[in-house]
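Chain A is the first sequence line, chain B the second, and so forth, proteins listed ahead of strands; every chain is numbered from 1.
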Number of protein chains: 2
Amino acid sequence: MEEKAPATIKEFEERLIEVSEDLPKRLRQCADYVAASKDRIAVSTVAEMAEGARVQPSAFMRFCRILGFSGFSEMQRLFRDSYAGGWPDYSTRLKHLREKAEGSPSALLAEFVDVGRTSLENLLKTIDPKVLDDAVEALAKAEMIHIIGLRRSFPVASYIAYAFEKMNVPAMLHSGVGGLDNHNAIRPGDVLLAVTFSPYSAETVGMVEAAGARGLSVVALTDTIVSPLRKFGAITLSVSEVDFGAFRSLSATLCLAIVLSVAVGTKRSG
Amino acid sequence: MEEKAPATIKEFEERLIEVSEDLPKRLRQCADYVAASKDRIAVSTVAEMAEGARVQPSAFMRFCRILGFSGFSEMQRLFRDSYAGGWPDYSTRLKHLREKAEGSPSALLAEFVDVGRTSLENLLKTIDPKVLDDAVEALAKAEMIHIIGLRRSFPVASYIAYAFEKMNVPAMLHSGVGGLDNHNAIRPGDVLLAVTFSPYSAETVGMVEAAGARGLSVVALTDTIVSPLRKFGAITLSVSEVDFGAFRSLSATLCLAIVLSVAVGTKRSG
DNA sequence: AGCAAAATAGAACATATATTCCAAATTTCG
DNA sequence: CGAAATTTGGAATATATGTTCTATTTTGCT
């Protein structure tokens, strides 16, 4: 190996980027895995790293040399040594960031991370397993799933649409592009999955009402239990998200969206 | 061995305190050293730990057993697994859940909540405040912000677009609806904000390349540091998120997106 | 002080882990 | 299409590391 070994984590990263431009398949897998989980290097064996990268240990070995190390051990030493002092645990780091970096983007990040975490925690506490089951059941039986979610809910709706697509679940995203709302596409046997939050958008509510009137099942992803969607007989999954300023961290909502998607997807194919 | 091994760091600490009351000299040294540098356990050999405690390896060995472990290896495993909040192998755990279908939706939910929480925690650790500042700075100075993010990244892109809109930041979401890609809308003084993940979509990469070639600033929200966007000189914010197959828990990514939006929004109006 | 019990050091042994090597598969290039 | 070069998988080997054993020392007790 021509190059000499990186002496710091920074050098390591630079070398990793520099090298990973053109790399054969297996070695690329190594590069990707390492990039994604550098922190595992210090505490893993080659075998474990190789498994993580879905590669033979010998391949991972070769990868270490390309980076300039004599072998895995030498590379690992770099990470073990610089581990010194250890990573402060989450709570201290958070506090530190908040105090020290007041007003800076990093401080904001600390706040939002914290908000997101508590939201997720709450989600687990507030979701009723029975209702979740019902929702999955209903969606799994649908001929076709119609998804609606506008404005702030649109990211969630589009995520669900993407996931369904990937899992071959017939679904249609009603985005309202061009002011068209293809109400007619909704047919008996279909199910409507509506996502909406606090200033509940009229289109969404209208769509739920229409679907309810025609006797279709409706699954609603919304905040609080007093959401207007409830009165139309929808299966209502409520997520209470911690607000920070005017901005809603969608962590919990998106988490629930993924769960719904995956659960429905597997139930259908199983 | 009367007692059985501690299963968590907390249990470990309790046991350590409980035991260290009356201990022969050498073993006391072990206890003291371990108490002072628990974090070294994960990345050291018995020999190193023994040396640190000024004790023979065999003595340290005995110490491990007194704590209830079968040996040093078992004790080390505890620390290695829980290291850095430990990214246990979520992808395989989730795959099992999915395959066995034994996972009720609630079980899935619990997993994803956990995944989301660690992702967020990790985000806080890996984001470089300097780079975040640079990104905010660049975006705040832009005449107009062009946002691109397709497929799995689309929810994130659309969320950012929504937030900018709400904060009166001039921004344009390039969604590629109808196969149109309004390259010509991008003008000098504008900034491109690109969001893309692992199977990096060609359109996004192309757009970044074009913008870079014209000398425009580019901010990239991507995974791992080896993302192809890096080579075009983009300010790269990398988020490592657990994903398997089509499913990426976007918690961390969205969190970062909100932070960016809010920081840019306030900087502009301030 | 003298004896028994406990503790210790260090070497011997066992095991886990890294590393190397080479034949087979794949890709590249003429 | 075929030869050369590269890349890969897997078994073989070397090394580092954990673990156990026992003679020796220290401690505690009467």
Handout entry: B/S58 (side chain) and C/dA9 (base): donor-acceptor pair under 3.5 Å
Key = yes
Handout entry: Member of B/T204, B/L193, B/V195, B/T196 meeting the side-chain contact (heavy atoms from CB on, under 4.5 Å) criterion with B/I148
Key = B/T204
Rounded to whole Å, how long is the line connecting atom [atom1] of [X] with atom [atom2] of [N]?
X: B/K25; N: D/dT26; atom1: NZ; atom2: C1'; value: 10 Å
X: B/R62; N: D/dT19; atom1: CZ; atom2: C1'; value: 13 Å
X: B/Q56; N: D/dT17; atom1: CD; atom2: P; value: 17 Å
X: A/F72; N: C/dA16; atom1: CZ; atom2: P; value: 18 Å
X: A/R80; N: C/dT17; atom1: CZ; atom2: C1'; value: 11 Å
X: B/M61; N: D/dT22; atom1: CE; atom2: P; value: 17 Å
X: B/E48; N: D/dG18; atom1: CD; atom2: P; value: 8 Å
X: A/R28; N: D/dT7; atom1: CZ; atom2: C1'; value: 16 Å

Problem - Upstream residue (5' side of DNA chain C) when B/R77 and B/L27 are each assigned their closest nucleotide - result: B/L27
Handout entry: Between B/F12 and B/F79, ring centroids under 6.0 Å
Key = yes
Handout entry: Close aromatic pair by centroid cut-off 6.0 Å: A/F63 and A/F72
Key = no
Fill in the blank from the handout: Correct closest heavy-atom pair for B/A138 and B/V191 would be O-CG2, 3.7 Å
Problem - Along DNA chain D (nearest heavy atom to each residue), the more 5'-positioned of B/P57 and A/A59 - result: A/A59
Practice task
Side chain of A/R65 only, please: which of C/dT20, C/dT17, D/dT17 is the nearest?
Solution key: C/dT20
Exercise for the section: Output yes when at least one side-chain N/O atom of A/S73 is less than 4.0 Å from OP1 or OP2 of C/dT19, else no. Expected result: yes
